[in-house]
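What follows is a short report on a single structure.
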Amino acid sequence: AQSVTQPDIHITVSEGASLELRCNYSYGATPYLFWYVQSPGQGLQLLLKYFSGDTLVQGIKGFEAEFKRSQSSFNLRKPSVHWSDAAEYFCAVGAPDDYKLSFGAGTTVTVRA
Amino acid sequence: GAVVSQHPSWVICKSGTSVKIECRSLDFQATTMFWYRQFPKQSLMLMATSNEGSKATYEQGVEKDKFLINHASLTLSTLTVTSAHPEDSSFYICSAKDRESGANVLTFGAGSRLTVL
């Protein structure tokens, strides 16, 4: 069975500082990996995804993530956060050709001025 | 881009009544839609997979008689919470897959918050 662990429940970062959110997955083969962002009371917006190929993927809003098979990780990064990046971030894993995703518990990001 | 609309976005109902939540794909056809439940400060829990023209597939532990799912067209799936009780209060989110898209990308609705008094 596939699963996702997001070790950090809450991260506070200063505006302009860098951000890294951790994600570890459990899956028997090469998974499909996703990062979603959720603003309060809203649905999920896809930030980026990894299916295959280059292990460093670029997403929207200046986010990137790196797939490391040896560490079963797919950490999300942003070099310089903006106040609008304050939200809940979810890492998700899915099997190829299977649209059922398993989500991590989420990481809440707070941005201080 | 692909857009999924949910309605209502917020609903309050009395205990014992039934509530219907709609999930529509606005600019694409979705043969498959998914319904999730999210408790405060928690992750999304997949409830069921809704397939156009056939019965929904429910995840283990989800009462199919409690959460009725209908996917009557390629653009609409509905979730009906029957005989709702306060413990059914939650944030319900749907997602849809564009049947023309070959990629494993889902589009999520904005969610529907149900409060049962």
Side-chain angles (χ1 to χ4, degrees), chain A residues 1-11 21 23-25 27 29-53 57 59-61 74 87-110, chain B residues 1-11 21 23-26 30-52 56-60 62 90-99 101-115:
Chain A
Q2 60 203 35
S3 66
V4 176
T5 301
Q6 292 180 246
D8 305 303
I9 297 174
H10 192 179
I11 287 180
L21 304 182
C23 171
N24 294 98
Y25 68 89
Y27 184 70
T30 300
Y32 284 8
L33 294 160
F34 307 82
W35 274 100
Y36 287 90
V37 60
Q38 183 182 35
S39 297
Q42 299 296 312
L44 277 68
Q45 180 182 24
L46 179 66
L47 286 176
L48 48 78
K49 61 187 183 293
Y50 172 79
F51 291 165
S52 65
V57 294
I60 62 172
K61 303 184 179 185
F74 188 57
E88 187 82 12
Y89 291 79
F90 292 97
C91 182
V93 62
D97 300 322
D98 182 351
Y99 296 87
K100 292 168 61 173
L101 301 180
S102 295
F103 288 84
T107 298
T108 301
V109 173
T110 298
Chain B
V3 177
V4 172
S5 173
Q6 277 187 249
H7 177 81
S9 57
W10 194 299
V11 57
I21 300 171
C23 177
R24 293 181 185 273
S25 55
L26 297 186
T31 52
T32 303
M33 292 184 173
F34 299 91
W35 286 96
Y36 301 83
R37 183 172 182 178
Q38 185 181 31
F39 292 100
K41 302 296 183 182
Q42 295 187 30
S43 188
L44 282 73
M45 179 191 77
L46 179 64
M47 298 175 66
T49 302
S50 173
N51 301 298
E52 187 267 337
T57 304
Y58 290 82
E59 295 299 303
Q60 189 173 7
V62 178
S90 193
F91 195 54
Y92 292 90
I93 303 176
C94 72
S95 67
K97 172 197 173 303
D98 183 348
R99 74 170 184 173
S101 170
N104 273 38
V105 178
L106 300 175
T107 301
F108 284 79
S112 299
R113 184 165 302 285
L114 169 63
T115 300

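Just so it is clear, the model here is predicted, and its values are computed rather than measured. The chains referred to below are lettered A, B, ... by the order of the sequence lines, with proteins before strands, and numbering in each begins at 1.
- Considering only heavy-atom pairs separated by less than 4.5 Å from chain A, the leading option among B:T107, B:T49, B:V4, B:L44 is B:L44.
- Note that OG of B:S95 and NZ of A:K100 are 12.0 Å apart. Values are rounded to the nearest 0.5 Å.
- In this structure, chain A has a heavy atom under 4.5 Å from the side chain of B:E59, while its backbone stays farther away.
- Using a 4.5 Å cut-off on side-chain heavy atoms (C-beta onward), A:Q38 and B:F91 make contact.
- Formation of a donor-acceptor pair under 3.5 Å by the B:S43 side chain with backbone atoms of A:G106 is not found in this model.
- Heavy-atom neighbours of A:H10 NE2 from other residues, nucleotides or ligands within 6.0 Å: above the threshold of 12.
- No more than 12 heavy-atom neighbours from other residues, nucleotides or ligands sit within 6.0 angstrom of CD1 on A:I9.
- Rounding to the nearest 0.5 Å gives a distance of 6.0 Å between CZ of B:F108 and CG of A:L101.
- When heavy atoms are compared at a cutoff of 4.5 Å, A:E88 does not approach chain B at all.
- For A:F90, the part lying near chain B is the side chain, with the backbone staying farther off; criterion is any non-hydrogen pair under 4.5 Å.
- Heavy atoms closer than 4.5 Å to chain B are found in the side chain of A:L46, but not in its backbone.
- Looking at B:L46, the atoms closer than 4.5 Å to chain A (heavy atoms on both sides) all sit in the side chain, from C-beta outward.
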